[in-house]
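The structure under discussion appears below in the form of structure tokens.
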Amino acid sequence: MVLFRSQYPDLPRHPLVVCASLVENPMNLGMLCRTAEAFRLESLVLSDLALAQNRKFRQGAVATHQWQPLEACPGEQLPQWLAERRQQGYSPIALDLDPQATPLPKLRFLERTVLVLGRELTGIPPTVGAACDRLVAIPQYGVVQSLNVQTAAALAIYAYLGQWGMPPRL
């Protein structure tokens, strides 16, 4: 186990970045950290790295914050940050409820993708949506037409992994 833990940081990661700069609930952020680490994603972006010290974050993360790379981008800087990521070869995609958004099953992810998540209740602000290459929506059929942000992100992450392959279990 000691050898595994020492080698773990050097193992490959999927080049998918989950940007949760707009997500405000620490429990949702912690569960996003747990999901990102479970699938060895490149990074999880928070509005402030101090959020990872929050008790509710740590409850949701279940210690995965020790292994998952985190980075910070305040929400007001998100359009500029996304432009910089695009220059680095990433395709920013916003997970949104917009009726004109591409349905998730029809989306072809680029390998280097930033998945942008919106605020709980209000979603993706227009300035952030405009800074993305595409909006994507998860088709739903119930009376309530939204999912918890962590659940929606997990579905999108799994769709990405389905297209880009899942490495053998460690």
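Both backbone and side-chain heavy atoms feed into the values below; hydrogens, waters and symmetry mates do not.
With hydrogens and angles left out, the side-chain atoms of Glu42 and Tyr90 include a donor and acceptor closer than 3.5 Å. Residues Gln88 and Glu84 have side chains that never bring a donor and an acceptor to within less than 3.5 angstrom of each other.
The residue from Arg55, Gln150, Gln59 that alone fulfils the side-chain contact (heavy atoms from CB on, under 4.5 Å) condition with Met27 is Gln59.
In this structure, Val62 is not a member of the same hydrophobic cluster as Met31, with clusters built from ILVMFWY side-chain heavy atoms closer than 4.5 Å. In the hydrophobic clustering of this structure, Leu97 does not group with Ile138; members are Ile, Leu, Val, Met, Phe, Trp, Tyr whose side-chain heavy atoms approach within less than 4.5 Å, directly or through other members. When the side chains of ILVMFWY residues are joined at heavy-atom separations under 4.5 Å, either directly or via intervening members, Leu78 and Leu135 end up in two distinct hydrophobic clusters. Under a hydrophobic-cluster definition in which Ile, Leu, Val, Met, Phe, Trp and Tyr are linked whenever side-chain heavy atoms come within less than 4.5 Å, directly or via other members, Val136 and Leu161 are assigned to the same cluster. One hydrophobic cluster, built from ILVMFWY side chains closer than 4.5 Å, holds both Val114 and Val45.
Annotation for Leu32 and Val149: closest pair CD2-O, 4.4 Å, computed over non-hydrogen atoms. The two residues Gln68 and Ser43 make their nearest non-hydrogen contact at NE2-CA, 3.4 Å. Between Ser47 and Gly75, the closest heavy-atom pair is CB-N, 4.4 Å. The heavy-atom pair separating Glu120 from Val23 by the smallest distance is OE2-CG1, 3.1 Å. Contact record, Pro139 with Pro105: CD-CD, 3.8 Å, taken as the closest heavy-atom pair. Taking both residues in full, the closest heavy atoms of Leu22 and Pro125 are given as CD1-CD, 3.5 Å, listed atom of the first, atom of the second, then distance.
No donor-acceptor distance shorter than 3.5 angstrom exists from the side chain of Trp164 to the backbone of Ala159, with no hydrogens or angles considered. Judged by distance alone, with hydrogens and angles left aside, the side-chain atoms of Asn54 form a donor-acceptor pair with the main-chain N or O of Phe57 at under 3.5 Å. In this structure, Arg40 contributes its side chain and Pro12 its backbone to a donor-acceptor pair below 3.5 Å. Formation of a donor-acceptor pair under 3.5 Å by the Thr151 side chain with backbone atoms of Leu147 is not found in this model.
In this structure, the side chains of Tyr160 and Leu115 stay at 4.5 Å or more apart for every pair of heavy atoms. Val18 is listed as a side-chain neighbour of Ile157, based on a closest heavy-atom distance under 4.5 Å. The side-chain heavy atoms of His14 and Glu111, taken from C-beta on, include no pair separated by under 4.5 Å. Counting heavy atoms from C-beta on, the side chains of Asp48 and Pro74 never come closer than 4.5 Å. When side chains are defined from C-beta on, Leu95 does not count as touching Val116, because their heavy atoms never get closer than 4.5 Å. By the 4.5 Å heavy-atom criterion applied to side chains, Pro92 and Arg86 are counted as neighbours. Two residues are said to be in side-chain contact when any heavy atoms from C-beta on lie closer than 4.5 Å; Val17 and Leu41 fail this criterion. Counting heavy atoms from C-beta outward, Leu82 and Cys132 have side chains that approach closer than 4.5 Å.
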As a quick check of understanding, evaluate salt bridge (charged side-chain N to carboxylate O under 4.0 Å, His left out) for Lys56 and Glu24, giving each step before the final call. CA-CA 12 Å; Lys56 293 279 187 193; Glu24 297 171 340; over 6 Å; no
Please evaluate residues Gln53 and Arg58 with respect to the criterion side-chain contact (heavy atoms from CB on, under 4.5 Å), reporting the C-alpha separation (whole Å), side-chain torsions for both, the decisive distance (0.1 Å), and the verdict. CA-CA 7 Å; Gln53 304 308 314; Arg58 288 179 175 232; 2.5 Å; yes
Please assess Leu70 against Cys33 for the test side-chain contact (heavy atoms from CB on, under 4.5 Å), listing each intermediate value before the final yes or no. CA-CA 8 Å; Leu70 302 174; Cys33 183; 4.3 Å; yes
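Annotation: the span from Phe39 atom CZ to Tyr158 atom OH amounts to 6.5 Å, rounded to 0.5 Å. Note: Leu51 CG to His65 NE2 = 12.5 Å, rounded to the nearest 0.5 Å. With rounding to the nearest 0.5 Å, the separation of CZ in Arg119 from CG in Asn28 is 14.0 Å. Trp81 contributes atom CH2, which lies 6.5 Å from atom OG of Ser21 (distance to the nearest 0.5 angstrom). Between Leu29 atom CG and Leu44 atom CG the span is 7.0 Å, to the nearest 0.5 Å. Distance check, rounded to the nearest 0.5 Å: CG of Leu107 to CD1 of Ile93 gives 4.5 Å.
Residue-environment remark: CD (Gln140) exceeds the threshold of 12 foreign heavy atoms within 6.0 Å. Within a 6.0 Å sphere centred on CZ of Arg112, other residues, nucleotides and ligands contribute more than 12 heavy atoms. Within 6.0 Å of CZ on Arg85 lie more than 12 heavy atoms contributed by other residues, nucleotides or ligands.
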